[in-house]
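Written below as structure tokens is the structure these notes are about.
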Amino acid sequence: MKLQGKHIVVGITGSIAAYKAATLIRCLIKEGAEVQVVMTPAGKEFITPLTLSTLTNKPVVSEFFDRRDGSWYSHVSLGIWADLLLIAPASAATLGKMAHGIADNMLLTTYLSMKAPTWVAPAMDLDMYAHEATQNNLSVLRERGVHIIDAGSGFLASGLEGKGRMAEPEEITAEVIRYFKEGATNVKGRHDDAPLHGKQILITAGPTYESIDAVRFVGNHSSGRMGYALAEVCARKGAAVTLVSGPTSLPDPVGVKTVRVVSALDMLAASEAVFAQSDIAIFSAAVADYRPATPVEGKMKREALGEELVLRFTKNPDIAATLGHKKRSQQLLVGFALETTCNEEEALRKMKVKNMDLMILNSLSDQGAGFGGATNKIALLSATSTKHFPLKTKEEVATDIVEAIIEKIERI
Ligand code: PMT
């Protein structure tokens with residue numbers, strides 16, 4: 001019973017995937033959750049309220065008023081009661097209305113009054129899902145802290161094959177369990193007893209791209225996975241996280257404010273904007289040390305360049321060092337050192353010159369460590385100690401790092 005005592009509002013909208021909502025509700029209830037269904041009028045065309053009220057043992061809420069006695073259903077009290085609003089399936093229409101604050105049915109007013117985190121599991125035809133309008137609406141919602149449970153690929157009700165299938169109920173339930181287990185948090189629904197509750201954390205992640213011309217750039221192999229895992233763990237442990245990310249293909253982490261940037265100069269500006277208010281900063285980005293001195297405005301023509309191309313580079317600011325030298329005594333700063341050998345001396349040197357409190361050393365000579373992959377192998381260095389960890393997934397490594405941070409701030 002991993003969801004014992006949790007109050008979950010399940011929102012159901014007009015999509016053929018509404019039939020999966022019955023299984024989802026059963027899975028949540030089996031784990032001990034108390035479920036209240038709120039349906040849009042279109043949702044009722046796909047699955048009957050009778051089925052859902054029988055499963056939840058509660059009347060389904062769909063209208064603003066009870067037609068029998070005129071009593072009013074309070075979306076405000078649902079917003080206070082819930083630990084989570086989970087809209088599954090979420091149709092293109094509902095996502096669009098949520099993005100634009102259109103409150104023309106009970107589910108949408110419930111969303112606007114919601115004090116708990118909101119999750120959506122989109123379900124629609126592949127072209128609707130891929131459409132720029134839908135993707136823009138999803139970006140707006142993501143930016144606002146709504147967690148998107150990505151749609152899957154496969155056969156769709158239209159007979160076509162592609163991306164747009166609602167995630168499976170068992171997968172959604174597992175994600176909900178994981179979320180509550182690891183200290184549920186969101187910009188709106190933070191748990192007061194989470195160890196990083198009340199802390200503002202800045203995390204840099206991913207590579208930076210430095211323009212050569214309008215189509216070419218200098219970059220590196222960072223995928224952003226290490227930094228995104230850190231952001232997710234910090235958010236789950238109660239922090240308000242700003243993730244300043246270079247270009248990656250990763251979705252925004254749940255409950256994290258993600259600021260997308262391209263170059264080192266952009267990353268510095270975005271980091272400087274939040275540094276003064278941050279209690280903790282973690283610099284996991286692989287920032288380009290140099291950028292082309294004079295990027296060309298259009299596209300350089302190969303024919304005009306001849307056999308050799310010589311580029312002149314200029315030094316980029318060191319973001320960690322720049323902010324490290326503005327550090328207040330109550331702030332905790334964590335740097336990364338990416339070395340080609342496990343060079344602790346060099347990591348300690350970087351820690352000193354950048355004014356970091358902790359340094360995470362990862363070495364490209366260790367198999368499975370560093371760029372790109374799902375794993376990393378680190379040593380955690382402070383001024384007085386070094387702790388080596390075995391090869392782990394980046395999520396586990398992030399948890400080790402965040403636990404060390406929590407231990408350290410408890411002593412500040
Ligand atoms: O993104 P992934 O594919 O998951 O890979 C993760 C990672 C290998 C990128 C990550 O674990 C890592 O090691 N990040 C730091 C990479 C790096 O640039 O290391 P460095 O030793 O060159 O830099 C030292 C520190 O200064 C780092 O905290 C870095 O973010 C910071 N720095 C460096 C240069 C610069 N101009 N500005 C900086 O802030």
Side-chain angles (χ1 to χ4, degrees), residues 202-210 218-233 243-250 253 258 261-272 274-275 278 280-291 313-327 332-381 389 391-398 400-402 405:
L202 159 68
I203 299 176
T204 68
T208 63
Y209 287 179
E210 311 298 331
V218 179
N220 60 64
H221 296 293
S222 171
S223 63
R225 289 175 85 152
M226 191 64 249
Y228 280 53
L230 280 161
E232 221 157 67
V233 173
L243 174 67
V244 179
S245 170
T248 73
S249 58
L250 303 174
T258 305
V261 296
V262 177
S263 67
L265 291 177
D266 300 339
M267 187 173 273
L268 176 63
S271 303
E272 272 182 324
V274 294
F275 181 72
S278 301
I280 297 164
I282 308 174
F283 301 97
S284 70
V287 185
D289 289 313
Y290 288 85
R291 65 181 184 275
F313 284 84
T314 189
K315 205 166 185 182
N316 264 332
D318 186 316
I319 299 168
T322 306
L323 299 180
H325 289 111
K326 294 181 183 168
K327 176 170 121 74
L332 182 97
L333 306 192
V334 182
F336 271 71
L338 179 63
E339 307 297 336
T340 43
T341 59
C342 189
N343 190 339
E344 286 177 30
E345 230 170 82
E346 180 57 7
L348 285 171
R349 187 194 67 78
K350 287 181 180 173
M351 182 163 98
K352 215 164 168 191
V353 294
K354 293 172 200 254
N355 202 21
M356 301 286 116
D357 299 286
L358 294 172
M359 207 69 183
I360 313 300
L361 168 62
N362 42 190
S363 160
L364 293 174
S365 61
D366 287 324
Q367 189 126 31
F371 286 134
T375 55
N376 204 359
K377 184 168 183 291
I378 62 156
L380 199 152
L381 286 75
F389 292 83
L391 186 74
K392 294 186 180 191
T393 66
K394 283 186 174 161
E395 288 69 29
E396 290 166 339
V397 172
D400 289 338
I401 295 171
V402 174
I405 290 173

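Indexing begins at 1, ligand by ligand and atom by atom, following the structure's order.
Ligand 1 is approached by Ala337 to a heavy-atom distance shorter than 4.0 Å. At least one heavy atom of Pro317 sits closer than 4.0 Å to an atom of ligand 1. Taking a 4.0 Å cut-off on heavy atoms, Gly372 registers as neighbouring ligand 1. Ligand 1 has at least one atom lying under 4.0 Å from a heavy atom of Asn376. In this structure, Asn316 falls outside the shell of residues with a heavy atom less than 4.0 angstrom from ligand 1.
Only the backbone of Ser284 comes within 4.0 Å of ligand 1, judged by heavy-atom distances.
Side chain of Asp366 to main chain of Ala369: no donor-acceptor pair is present (N/O by atom type, distance under 3.5 Å, no hydrogens or angles). Here the side chain of Thr393 pairs no donor or acceptor atom with the backbone of Ala374 at under 3.5 angstrom. Looking only at distances, a side-chain donor or acceptor of His325 sits under 3.5 Å from a matching main-chain atom of Val353.
Looking from atom 28 (O) of ligand 1 to the surrounding protein, the closest heavy atom is Phe283 O, 2.6 Å. Shortest contact from atom 32 (N) of ligand 1 to any protein heavy atom: Asp318 OD1, 3.8 Å. In terms of protein heavy atoms, atom 34 (C) of ligand 1 is closest to Asp289 OD1, 3.3 Å. For atom 2 (P) of ligand 1, the nearest protein heavy atom (residue, atom name, distance) is Ser223 OG, 3.4 Å. Among all non-hydrogen protein atoms, the one lying nearest atom 35 (C) of ligand 1 is Val287 CB, 3.5 Å. For atom 19 (O) of ligand 1, the closest non-hydrogen atom on the protein side is Leu338 N, 3.4 Å.
The shortest N or O to N or O distance between Ala320 and ligand 1 is under 3.5 Å. Distances between N or O atoms of Thr204 and those of ligand 1 include no value under 3.5 Å. Residue contacts with ligand 1: Met359 is placed with no nitrogen or oxygen under 3.5 Å of a nitrogen or oxygen of the ligand (distance criterion only). For the pair Lys354 and ligand 1, the shortest N or O to N or O distance falls below 3.5 Å.
Nearest heavy atoms, Val262 versus Pro247: O-CD, 3.8 Å. Contact detail for Ala337 and Lys350: the closest heavy-atom pair is CB-CD, 4.1 Å. Scanning all heavy atoms of the two residues, the minimum distance from Thr204 to Ser271 falls at CG2-OG, 3.7 Å. Nearest heavy atoms, Thr341 versus Ser363: C-OG, 3.3 Å. Closest non-hydrogen pair, Gly335 versus Met356, comes out as N-SD, 3.5 Å. Here the closest heavy-atom approach between residue Ile401 and residue Leu380 is recorded as CA-CD1, 4.4 Å.
Counting heavy atoms from C-beta outward, Leu323 and Glu272 have side chains that approach closer than 4.5 Å. Looking at heavy atoms from C-beta onward, Ser223 lies out of side-chain contact with Thr248 at the 4.5 angstrom threshold.
When the options Ala288, Gly206, Ser222 are ranked by their closest heavy atom to atom 9 (C) of ligand 1, first place goes to Ser222. Across the listed options Tyr290, Phe336, Phe371, Tyr228, Phe336 owns the non-hydrogen atom lying nearest to atom 12 (C) of ligand 1. Counting only non-hydrogen atoms, the option in Gly324, Ala285, Ser363 that gets closest to atom 15 (C) of ligand 1 is Ala285. For atom 37 (N) of ligand 1, the candidate residues are Leu230, Ile319, Asn343; the nearest heavy-atom contact is made by Ile319. Here the shortest heavy-atom distance to atom 7 (C) of ligand 1, taken over Leu323, Asn362, Ile378, Leu361, belongs to Asn362. Taking each of Lys350, Lys315, Arg225 in turn, the one with a heavy atom nearest to atom 22 (O) of ligand 1 proves to be Lys350.
In summary, the atoms of ligand 1 found under 4.0 Å from a heavy atom of Lys394, numbered by their order in the structure, are 2 (P), 3 (O), 4 (O), 5 (O). Annotation for ligand 1: atoms under 4.0 Å from non-hydrogen atoms of Met226 are 4 (O), 6 (C), 11 (O). Remark: ligand 1 atoms within the under-4.0 Å shell around heavy atoms of Gly224 are 1 (O), 2 (P), 3 (O).
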Starting from the C-alpha separation in whole Å, work towards a yes-or-no answer on side chain to side chain contact (heavy atoms under 4.5 Å, CB included) for Asp289 and Lys315. CA-CA 6 Å; Asp289 289 313; Lys315 205 166 185 182; 5.9 Å; no

Yes or no on side chain to side chain contact (heavy atoms under 4.5 Å, CB included) for Phe275 and Leu333, after CA distance, side-chain angles and deciding distance? CA-CA 11 Å; Phe275 181 72; Leu333 306 192; 3.8 Å; yes

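Judged as a salt bridge (charged side-chain N to carboxylate O under 4.0 Å, His left out), the pairs with a partner in residues 353-363 (not counting sequence neighbours) are, in order, Asp318-Lys354, Lys327-Asp357.
Between Val397 and the choices Asn376, Val233, Leu391, the side-chain contact (heavy atoms from CB on, under 4.5 Å) rule is met once, by Asn376.
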